[in-house]
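Heads up: the structure comes next, in structure tokens.
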Amino acid sequence: MADTKRLAFSIIQFLHDQLSSGGLSSDAQESLEVAIQCLETAFGISVEDQSLAVSQSLPEVFASATKQTGATQDKTSSSSDSPSEEQLAEAEHLKTDGNNQMKVENFSAAVEFYSKAIQLNPQNAVYYCNRAAAYSKLGNYAGAVQDCERAIGIDPNYSKAYGRMGLALASLNKYSEAVSYYKKALELDPDNDTYKVNLQIAEQKMKETQSSPAGGLGGVDLAGLLSNPGFMNMASNLMNNPQVQQLMSGMMSGAYGPMGGATLPGAAPTPATAAATAATATAGAGGGGGGGGDLSSLIQAGQQFAQQMQQQNPELIEQLRSQMRSRPPSSAGNDEP
């Protein structure tokens with residue numbers, strides 16, 4: 001009963017405050033006065049009974065209650081919007097399925113899997129970045145740009161999203177923008193040789209300073225690539241592969257035809273030779289080179305070498321081929337779990 005009287009007192013006090021505030025019509029004031037008298041009579045209290053006063057006024061109690069209710073609603077809404085553990089697991093499974101489709105070059109199916117993963121967990125930057133790679137393979141570079149933007153919006157420190165954005169922009173011949181994204185990718189991942197090489201190629205395109213065919217292969221600035229530390233580092237790593245060493249030794253010894261005097265038979269293959277061979281092999285694979293028997297044998301062996309390099313750095317091979325075919329590059333590769 002005491003709490004009831006306190007509540008009634010708080011209401012009477014609130015009505016008195018409204019009367020004191022002014023701004024009410026005479027009819028409204030009269031109605032409030034009647035309400036106060038009715039409450040005082042019903043509960044046997046008076047506005048003078050200060051012993052019934054509580055620490056907070058009625059408006060303060062109401063404001064506190066509504067604030068707590070709003071916070072609870074926001075928490076409930078946030079909880080309902082967040083994916084469940086089962087949904088998160090299913091999204092990861094779908095991403096893996098998408099990655100597997102990318103490996104077998106079924107890019108349309110990969111897009112579908114990544115899209116389903118995004119529906120279950122739209123706050124995962126990897127799903128957008130992977131779908132961007134699939135879109136690029138399908139020639140949908142605008143879609144790739146949009147997905148990379150979404151990935152970067154979710155995770156501004158996701159270097160691969162910047163790298164794939166660079167590839168998509170380069171494919172749209174927006175080389176100056178591609179350069180800026182490659183630089184950001186390198187800022188986040190300074191030891192990534194792929195970004196270094198792609199940045200150099202984009203800068204060459206942007207400045208339109210490609211060497212003539214006499215100074216390179218199919219329009220590729222071979223001298224520039226051979227002086228690029230990132231490119232040479234990849235070639236050096238590739239030369240540690242036993243299969244590549246055997247292949248190069250056969251090429252050097254003349255098993256696949258002469259190398260045009262570039263290396264003497266029996267000489268140890270070097271990273272520079274490997275790099276040059278990669279460019280030559282890429283030209284043959286992309287442009288369908290031909291000619292005499294020796295050259296055909298060289299290209300055939302070089303294509304095997306290019307396959308090895310493709311496995312190590314697919315994005316670089318795509319860039320080289322795009323230059324030789326005078327077509328924009330496409331992205332490659334996926335995030336693994």
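Heads up: numbering here begins at 1 and tracks the sequence.
Heavy atoms only, all atoms of each residue included: A132 and C148 are closest at CB-SG, 3.7 Å. The minimum heavy-atom distance between A170 and A178, with the atom names listed, is N-CB, 3.8 Å. Scanning all heavy atoms of the two residues, the minimum distance from I45 to A8 falls at CD1-CB, 3.8 Å. Of all the heavy atoms in A134 and V111, the pair that sits closest is CB-CG2, 3.5 Å. Looking at every heavy atom in both residues, A151 comes nearest to A161 through CB-CB, 3.9 Å.
The side-chain heavy atoms of D97 and Q101, taken from C-beta on, include no pair separated by under 4.5 Å. Using a 4.5 Å heavy-atom threshold, the side chains of S46 and F9 count as separate. Counting heavy atoms from C-beta on, the side chains of F43 and L7 never come closer than 4.5 Å. The closest side-chain heavy-atom distance from L32 to Q29 is not below 4.5 Å.
Side-chain N or O atoms of Y175 include none that pairs as donor or acceptor with a backbone N or O of I201 at under 3.5 Å. With hydrogens and angles disregarded, a donor-acceptor distance shorter than 3.5 Å links the side chain of Y182 to the backbone of L167. In terms of modelled atom types and a separation under 3.5 Å, the side chain of Y181 and the main chain of L169 share no donor-acceptor contact.
Taking OG of S176 as the reference point, atom NZ of K205 lies at 14.0 Å (rounded to 0.5 Å). The distance from atom CD of Q123 to atom CD1 of I154, rounded to the nearest 0.5 Å, is 5.0 Å. In this structure, E33 CD and C38 SG are separated by 12.0 Å, a value rounded to the nearest 0.5 Å. Taking OH from Y141 and CG from N173, the interatomic distance works out to 10.0 Å, rounded to the nearest 0.5 Å. Rounded to the nearest 0.5 angstrom, I118 CD1 and R150 CZ are separated by 7.5 Å. A distance of 7.5 Å separates CG in N124 from NZ in K95, rounded to the nearest 0.5 Å.
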Using side chain to side chain contact (heavy atoms under 4.5 Å, CB included), reason through L138 and S108 one step at a time and then give a plain yes or no.
CA-CA 7 Å; L138 292 170; S108 296; 3.7 Å; yes
For a side chain to side chain contact (heavy atoms under 4.5 Å, CB included) check, start with the C-alpha distance between K183 and L186, then their side-chain angles and the critical distance, and finish with the verdict.
CA-CA 5 Å; K183 287 182 177 179; L186 273 173; 5.7 Å; no
Could you go through K103 and N100, starting from their C-alpha distance and side-chain angles, then the distance that decides it, and tell me whether this counts as side chain to side chain contact (heavy atoms under 4.5 Å, CB included)?
CA-CA 5 Å; K103 292 176 182 177; N100 291 335; 4.1 Å; yes
Determine, stepwise, if the pair Y162 / L188 fulfils side chain to side chain contact (heavy atoms under 4.5 Å, CB included).
CA-CA 9 Å; Y162 290 95; L188 295 169; 3.5 Å; yes
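In terms of hydrophobic clustering, with Ile, Leu, Val, Met, Phe, Trp and Tyr side chains grouped at heavy-atom distances under 4.5 Å, F107 and Y114 are assigned to a common cluster. Note on Y128 and L88: separate hydrophobic clusters, where clusters join Ile, Leu, Val, Met, Phe, Trp and Tyr whose side-chain heavy atoms are under 4.5 Å apart, directly or indirectly. Under a hydrophobic clustering in which Ile, Leu, Val, Met, Phe, Trp and Tyr are joined whenever their side-chain heavy atoms come within less than 4.5 Å, directly or via other members, F14 and L39 fall into the same cluster.
No more than 12 heavy atoms of other residues, nucleotides or ligands shown are found within 6.0 angstrom of CD on E30.
Side-chain N/O atoms of Q119 and Y127 include no donor and acceptor closer than 3.5 Å. Of the N and O atoms on the side chains of R131 and S115, at least one donor lies less than 3.5 Å from an acceptor on the other residue.
Qualifying side chain to side chain contact (heavy atoms under 4.5 Å, CB included) partners for K116, counting only residues two or more places apart in sequence or in other chains: L94. A35 pairs by the side chain to side chain contact (heavy atoms under 4.5 Å, CB included) definition with L15, not counting sequence neighbours.
Screening Q200, K184, E187, K160 for a side chain to side chain contact (heavy atoms under 4.5 Å, CB included) with Y195, the sole residue that qualifies is K160.
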